[in-house]
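A note on names: the letters A, B, ... follow the listed sequences, proteins ahead of strands, and every chain is numbered from 1. As the structure is a prediction and not an experimental result, all values here were calculated from the model.
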2 protein chains.
Amino acid sequence: MTTLSANEIVGRLKLHGLRVTPQRFAVYENLLNRIDHPTVEQLLVELNQAGPVSSQATIYNSLQALREVGLVRQVLLEEGVVRYDANVDPHHHFRCHSCGHIEDIPWEAFHEVVQSSLRPGLRPDRYEVTVMGTCDRCQPPEPQDAV
Amino acid sequence: MTTLSANEIVGRLKLHGLRVTPQRFAVYENLLNRIDHPTVEQLLVELNQAGPVSSQATIYNSLQALREVGLVRQVLLEEGVVRYDANVDPHHHFRCHSCGHIEDIPWEAFHEVVQSSLRPGLRPDRYEVTVMGTCDRCQPPEPQDAV
DNA sequence: TTGTATTTTAGAACTATTCTGACTTAAGAG
DNA sequence: CTCTTAAGTCAGAATAGTTCTAAAATACAA
């Protein structure tokens, strides 16, 4: 989670053949500087909080462009909710089914999961574990008490 | 994947406090008798192929009722596509990114995945692995040939 | 600078899902 | 069986998330 400078962000965009517009930059920068996985709605509100930066349509366009070059990806964990993530390295997700909190699980947490346990004929090239459970804030004070 | 008799299906519905209507029965029966995970659209078409059985609204209603009592669950693997699955036992999914084919991976395929590799504070109670790759039909004849 | 292909944008259009409200029905009680 | 009624069905309206349109603005190579 090293913070990138503006120049580095611009460099990345150009490296992938994208023109650097203020809107596109803002969307990507915002995604890079957060650990959660915001929805379009959240991006729209936050980017335009201190004055207008980007329209909704442009956020959709920017995300699509960023996605096409592989700088951003979607995260699908809840019904009808599409989230975006600038961490395109393989990693897993944890979702608290009490408060909805979502966080990354490092790739190394689960090792050797998909060795060769698949049926013959299937050729895997990527996998991802989604863990559902309860996060810190949603846990009862004394876990050993039966309720 | 043992096929259930009509009586067994009715029994299950009643057991979960659901009235047995022709539409609800048809939706659940259809889901039970297939291994893929259809969308509402697919259900609508197939159920009404040999004469009208259920309206779209009722399919949504039925799926919601079935979901509320835990007989059916959603499968979210692609953007904007919600699929339904009558296999509510924990299992994993494989998705071919070439043809979109989706199939179940038995629960036992990956064991001990989420032992205690999570950071302290997170309490897992369920997890699921999604494997992306290429299925039989989408593989080149001679895999060792570089293309 | 300038020229041009790309991008932005408001609003229209589209699509998946839920809601509404009148009609119908499953199934327990008598 | 028949009655009763809470629950279910359904067409069409409403809503929400996303994409499209086409006109104005702009990044950036020359």
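Rounded to the nearest 0.5 angstrom, Leu47(A) CG and Gln23(A) CD are separated by 10.0 Å. Atoms CG and CG, from Leu71(A) and Leu31(A) in turn, are 10.5 Å apart once rounded to the nearest 0.5 Å.
Atoms OH (Tyr28(B)) and P (dG8(D)) sit 16 Å apart, rounded to a whole Å. Rounded to whole Å, the distance from CD1 on Ile59(B) to P on dG8(D) is 16 Å. For Leu13(A) and dT7(C), the CG to P distance is 11 Å, given to the nearest whole Å. Between the CZ atom of Arg24(A) and the C1' atom of dT7(C) there is a distance of 7 Å, given to the nearest Å. Asn61(A) places its CG atom 12 Å from the C1' atom of dT21(D), with the value rounded to the nearest Å. Atom C1' of nucleotide dG8(D) and atom CD of Gln64(B) are separated by 13 Å, given to the nearest angstrom. When rounded to the nearest whole Å, the span between CG of Leu43(B) and P of dA16(C) equals 14 Å. Between the CG atom of Leu44(A) and the C1' atom of dA10(C) there is a distance of 13 Å, given to the nearest Å.
Pairs passing the ring-ring contact (aromatic ring centres under 6.0 Å, His included) check and including a residue from residues 3-61 of chain A, sequence neighbours excluded, read His37(A)-His93(A).
Under the 4.5 angstrom side-chain criterion for Ile, Leu, Val, Met, Phe, Trp and Tyr, the cluster partners of Leu77(A) are Val75(A), Ile102(A).
In this structure a side-chain-to-backbone donor-acceptor pair under 3.5 Å is missing from Glu128(B) to Pro90(B).
Cluster annotation: Val88(B) and Val27(B) are assigned to distinct hydrophobic clusters (Ile/Leu/Val/Met/Phe/Trp/Tyr, side-chain heavy-atom contacts under 4.5 Å, transitive). Note: the hydrophobic cluster containing Leu63(A) also contains Val69(A) (ILVMFWY, side chain heavy atoms under 4.5 Å, direct or indirect links).
Residues forming a side chain to side chain contact (heavy atoms under 4.5 Å, CB included) with Thr39(B) (at least two apart in sequence, or on another chain): Glu41(B), Gln42(B), Val81(B), Arg83(B).
Contact between Arg24(B) and Ser62(B) at its shortest, heavy atoms only, is CA-OG, 3.8 Å.
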For nucleotides 11-18 of chain D, give me one character per nucleotide, 5' to 3': B if any protein heavy atom sits under 4.0 Å from the base, S if the only such contacts are to the sugar-phosphate, - if neither. B-----SB
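For the helix from dT1(C)-dA30(D) to dG30(C)-dC1(D), the end axes, each set by the C1' atoms of five terminal pairs, are bent relative to each other by 40° (nearest 10°).
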Check the interface with nucleotides 26-30 of chain C: list each N/O to N/O pair with the protein under 3.5 Å, or write none.
| from | atom 1 | to | atom 2 | distance (Å) |
| --- | --- | --- | --- | --- |
| dA26(C) | N3 | Arg19(B) | NH1 | 3.4 |
| dA27(C) | OP1 | Val20(B) | N | 2.9 |

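Glu46(A) places none of its side-chain heavy atoms less than 4.5 Å from the side chain of Pro38(A).
Taking only side-chain nitrogens and oxygens, Gln23(A) never comes nearer than 4.0 Å to OP1 or OP2 of dT26(D). In terms of phosphate contacts, Ser54(A) brings a side-chain nitrogen or oxygen within less than 4.0 Å of OP1 or OP2 of dT9(C).
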Candidate pair Tyr127(A) and Met132(B), rule side-chain contact (heavy atoms from CB on, under 4.5 Å), full reasoning: CA-CA 6 Å; Tyr127(A) 71 93; Met132(B) 276 73 70; 5.8 Å; no
